[in-house]
Amino acid sequence: MLKAGDRLLVATHNKGKLEEIADLLAPFSVTVIGAGDLGLPEPEETETTFVGNARLKAHAAAGASGLVALADDSGLAVDALGGAPGVFTADWSTTSTGRDFAVGMSRVWHELEAIRAPEPRLAQFCCTLVLAQPDGQDLVFEGKSHGRLVWPGRGDQGHGFDPIFMPDGYDQTFGEMDRWEKNRLSHRADAFARLVAALFP
């Protein structure tokens, strides 16, 4: 489905995510282009699972471009909140003027405080990758990064909820880590390791 030297369309308009994926695939000589580069719209994420949203985005991009397309859906699942915000992580950051992740992080923490959730406040970043061909076939790869939440948020690296997430075995949040170190540990890196093992053995 994907081999060294191929072009891969990544179904995202997020520059940071595109750079992270390009870095993860660089050793395999895959040329990564973003949906924004081709002027493709972002479909509305109407599914209620990570795999559902990733599949929706990947197939829309593959069908519109005629290229193999990769999409991911990811989010933060907090144990004490029953896995919330989960697939709705981005929605928790939506305001009347756009997306503000400081709002989302504050909501997560305030909900934990409201139920007096005990420490450590365990959570996982979850990532589902779907690699889709124009003919409708696809492959699914899932990854996780386990850790705990801290407050207030720390660091201005990364994106999204990174400043409040401290991965297991580390004393820095994703928001404090060098981008390349985070890329080795992230939920996306875990999912990509599974993709690489399947496609580039």
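Keep in mind that the numbers below use all heavy atoms, side chains included, and drop hydrogens, waters and symmetry copies. Note that the structure is predicted; figures quoted are calculated from it, not measured.
Residue pairs meeting the salt bridge (Lys or Arg N to Asp or Glu O under 4.0 Å) criterion with at least one partner in residues 189-201, sequence neighbours excluded, are D190-R194. For residues 24-53, every residue pair satisfying the ring pair (Phe, Tyr, Trp, His ring centres under 6.0 Å) rule, not counting sequence neighbours, is listed here: F28-F200. Residue pairs meeting the salt bridge (Lys or Arg N to Asp or Glu O under 4.0 Å) criterion with at least one partner in residues 28-37, sequence neighbours excluded, do not occur; the list is empty. Among residue pairs with one or both ends in residues 86-97, those qualifying as side-chain hydrogen bond (donor to acceptor under 3.5 Å, both in side chains) are T95-T97; sequence neighbours excluded.
Taking the side-chain contact (heavy atoms from CB on, under 4.5 Å) definition, one finds that E44 meets it with T46, sequence neighbours left out. Considering only residues two or more places apart in sequence or on other chains, R184 meets the salt bridge (charged side-chain N to carboxylate O under 4.0 Å, His left out) condition with none of them. R148 is linked by a side-chain hydrogen bond (donor to acceptor under 3.5 Å, both in side chains) to nothing, counting only residues two or more places apart in sequence or in another chain. Annotation: side-chain contact (heavy atoms from CB on, under 4.5 Å) contacts of K144 (sequence neighbours excluded): C126, H146. Evaluation of the side-chain hydrogen bond (donor to acceptor under 3.5 Å, both in side chains) rule for Q137 yields D135 as partners, not counting sequence neighbours.
In this structure, R107 CZ and F101 CZ are separated by 14.0 Å, a value rounded to the nearest 0.5 Å. From S186, atom OG reaches atom CZ of F125 across 9.5 Å, with rounding to the nearest 0.5 Å. For the atom pair CG (L112) and CD (E119), the distance works out to 8.5 Å, reported to the nearest 0.5 Å. Atoms CZ and CD, from R154 and Q172 in turn, are 8.0 Å apart once rounded to the nearest 0.5 Å.
Closest of all the heavy-atom pairs between L9 and L38 is CD1-CD1, 3.9 Å. Summarising the geometry of T48 relative to V87, their closest heavy-atom pair is O-CG1, 3.5 Å, with the distance given to 0.1 Å. Minimum interatomic distance between P43 and P41 (heavy atoms only, all atoms of both residues): CD-O, 3.5 Å. Closest non-hydrogen pair, D23 versus P27, comes out as O-CD, 3.8 Å. Considering every non-hydrogen atom in both A132 and D138, the closest pair reads CA-CB, 4.0 Å. Counting all heavy atoms, side chain and backbone alike, L185 lies closest to S145 at O-OG, 3.3 Å.
A single hydrophobic cluster is not seen to contain both L56 and L40; linkage of ILVMFWY side chains at heavy-atom distances under 4.5 Å, directly or through other members, places them apart. In terms of hydrophobic clustering, with Ile, Leu, Val, Met, Phe, Trp and Tyr side chains grouped at heavy-atom distances under 4.5 Å, L24 and V196 are assigned to a common cluster. Taking hydrophobic clusters as Ile, Leu, Val, Met, Phe, Trp and Tyr residues chained together by side-chain heavy-atom distances below 4.5 Å, M177 shares a cluster with L149. Following chains of ILVMFWY side-chain contacts shorter than 4.5 Å, one cannot reach V150 starting from L122, and the two form parts of different hydrophobic clusters. In the hydrophobic cluster analysis, where Ile, Leu, Val, Met, Phe, Trp and Tyr join through side-chain heavy atoms closer than 4.5 angstrom, L139 is grouped together with L129.
Annotation for R179: atom CZ counts as buried by contact number, over 12 foreign heavy atoms lying within 6.0 Å.
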Which atom pairs, one a donor and one an acceptor, fall under 3.5 Å between side chains of residues 156-171 and the rest of the protein, sequence neighbours left out?
unit_1 : atom_1 : unit_2 : atom_2 : d
D162   : OD2    : H159   : N      : 3.0
D162   : OD2    : K182   : NZ     : 2.8

List, one per line, each side-chain donor-acceptor pair under 3.5 Å for residues 66-84, sequence neighbours excluded.
unit_1 : atom_1 : unit_2 : atom_2 : d
D72    : OD1    : K17    : NZ     : 2.9
D72    : OD2    : R188   : NE     : 3.1
D72    : OD2    : R188   : NH2    : 3.0
D73    : OD2    : N53    : ND2    : 3.4
S74    : OG     : R188   : NH2    : 3.3
D79    : OD1    : Q124   : NE2    : 2.9

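Annotation for V140: hydrophobic cluster partners, listed by chain and number, are V51, V130 (ILVMFWY side-chain heavy atoms under 4.5 Å, direct or chained).
E176 places a side-chain N or O within 3.5 Å of a backbone atom of T173 that can act as its donor or acceptor partner.
Two residues are said to be in side-chain contact when any heavy atoms from C-beta on lie closer than 4.5 Å; S106 and W151 meet this criterion.
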